[in-house]
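If you're wondering where the values come from, they're calculated on a predicted model, not measured in any experiment.
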Amino acid sequence: MDMNLSARCALVLFLLAFVDLKIVSAAETGGTSTAKPGVCPRRRWGTGICAELCSNDSDCPNDEKCCHNGCGHNCIAPNTVPIPPKAGQCPLLLNVVPSHKGCVRDEDCPKDDKCCVFHSDALCVPPDFTKPGVCPRRRWGWGVGTCAELCSNDSDCPNNEKCCHNGCGHNCIAPYTVPIPPKAGQCPLLLNVVPSHKGCVRDEDCPKDDKCCVFHSDALCVPPDFTKPGVCPRRRWGVGTCAELCSNDSDCPNDEKCCHNGCGHNCIAPNTVPIPPKAGQCPLLLNVVPSHKGCVRDEDCPKDDKCCVFHSDALCVPPDFTKPGVCPRRRWGVGMCAELCSNDSDCPNNEKCCHNGCGHDCIAPTQ
């Protein structure tokens, strides 16, 4: 009994001394605390000491921060590199039990959960994901669907269906999918920037001009590399510096290219030979899915596609070709008032797309 009483008294004295030390420390700093730069590292497993060894960053030496260790708080060296947010979006409604209550950023949450705010409470919850495609347009101006909220986001829908507004409520509908061409540029060979987003499937999942690229099995959104025009000059003798001074053309100033010098890579002025435009003409109307979005000249486009401008967008599309011969003169009347062709490429054999007095159709030319 006396031993238990002695242990309790010793614990009380220790706690009083600890509180007194905190009060003195706060008085010396004017009662203020400043958060140090960086973020507390993510806990990978287990818990630390179940004691409050610090209450804020001001209690820690050098650049260490006061971090939660799974049970108490202690001083830890921070992560100073920005950690991109986790994939997905915060759900509109709270319809699950949070995995954790109280968070500041996504990395405070376990696994793939995100830090989301509901009614002023910051909670860790599973994210929602927006599926590809767009909700189909309702074709008529009357009639509505079921006035019930059968879904709140795409994650509530099976397979590739999306959560769409039906005129009164929301339900799951098969989307209208249009292939979206990849963004301009190529994925870099090495990861030398902080990704703007972690977790992507295609380029359109990434913000602005960033592309979805894979590094060590992680799909990340990063700025693309661009191949500059011209070719690396042929090496005439010897080898250059055995160092990797560049990894792609984007690392080089002005019009220089990243070229192999016989041992490493460095920036060199290219050999530029004017490249003639590809055969054919740009079509008048965009009636195909572009093979690539964002181009400057024809050689930026794959295969025989040309770089053509539609509504201020430079797109790579198959060209049109003008066949030899001329359309015959109309002798009387008018033809069918329909656009049966838009250019000679739409016509079989040697026929040309000719104006018939009202519309256009394919007609054998005058040689």
Side-chain angles (χ1 to χ4, degrees), residues 35-44 63-65 67 76-90 103-109 111-116 127 129-130 132 180-232 240-261 263-270 292-296 300-302 313-314 316:
K36 295 180 182 178
V39 294
C40 290
R42 183 184 297 178
R43 300 190 311 276
R44 296 188 179 277
D63 60 347
E64 292 185 355
K65 292 176 68 69
C67 301
I76 302 175
N79 285 338
T80 55
V81 178
I83 300 175
K86 295 180 182 176
Q89 303 86 37
C90 284
C103 56
V104 177
R105 55 188 70 84
D106 286 356
E107 61 262 27
D108 297 334
C109 297
K111 298 181 179 177
D112 295 327
D113 284 7
K114 290 179 70 72
C115 183
C116 304
F129 293 93
T130 301
I180 300 176
K183 295 180 182 177
Q186 304 86 36
C187 285
L189 295 177
L190 301 174
L191 178 63
N192 50 17
V193 297
V194 176
S196 61
H197 190 76
K198 184 175 182 180
C200 57
V201 178
R202 55 188 70 82
D203 286 356
E204 62 262 31
D205 298 333
C206 297
K208 297 181 179 177
D209 294 327
D210 285 6
K211 290 180 70 71
C212 182
C213 304
V214 177
F215 300 95
H216 305 294
S217 302
D218 289 329
L220 308 173
C221 293
V222 296
D225 289 337
F226 292 92
T227 301
K228 296 179 182 177
V231 293
C232 289
T241 306
C242 290
E244 297 298 325
L245 302 179
C246 60
S247 61
N248 56 73
D249 291 355
S250 301
D251 297 334
C252 297
N254 304 322
D255 61 347
E256 292 184 355
K257 292 177 66 71
C258 186
C259 301
H260 185 58
N261 59 20
C263 184
H265 286 81
N266 63 291
C267 296
I268 302 175
H292 191 75
K293 185 176 182 180
C295 57
V296 177
D300 297 334
C301 297
D313 289 329
C316 293

Side-chain heavy atoms of D210 within contact of S196, under 4.5 Å: yes
Heavy-atom check, side chain of N266 versus side chain of T241, under 4.5 Å: no
Pairwise distance SG(C187) to CG(D203) - rounded to 0.5 angstrom: 7.0 Å
Whether K257 side chain and V231 backbone form a donor-acceptor pair below 3.5 Å: no
Closest heavy-atom pair and its distance - P127, D112: CD-O, 3.5 Å
Exam field: side chain D108 to backbone V104, donor-acceptor pair closer than 3.5 Å: yes
Atom pair CG (N261) and CG (L245), whose distance is rounded to the nearest 0.5 Å: 7.5 Å
A219 versus C212, closest heavy-atom pair with distance: CB-SG, 4.2 Å
Under 3.5 Å donor-acceptor, N254 side chain and E256 backbone: no
Audit row: C258, C267, disulfide bond (SG atoms under 2.5 Å apart) steps and yes/no: CA-CA 5 Å; C258 186; C267 296; 5.7 Å; no
Nearest atoms (heavy-atom pairs only) where D249 meets F226: CB-O, 3.3 Å
Side-chain donor/acceptor of K183 to backbone N/O of K208, under 3.5 Å: yes
K293 atom NZ, neighbour heavy-atom count above 12 within 6.0 Å: no
H265 side chain near C246 side chain, heavy-atom distance below 4.5 Å: yes
Side chain proximity check, P85 to K114, heavy atoms < 4.5 angstrom: yes
P188 and S247, any side-chain heavy atoms less than 4.5 Å apart: no
Exercise: identify the closest heavy-atom pair between S250 and D225: OG-CA, 3.4 Å
Nearest atoms (heavy-atom pairs only) where P229 meets P270: O-CG, 4.1 Å
Pair V222-C213, side-chain contact (heavy atoms from CB on, under 4.5 Å): steps then yes or no: CA-CA 7 Å; V222 296; C213 304; 3.8 Å; yes
SG proximity flag C259/C232, limit 2.5 angstrom: yes
Donor-acceptor pair, side chain of K228 and main chain of C252, under 3.5 angstrom: yes
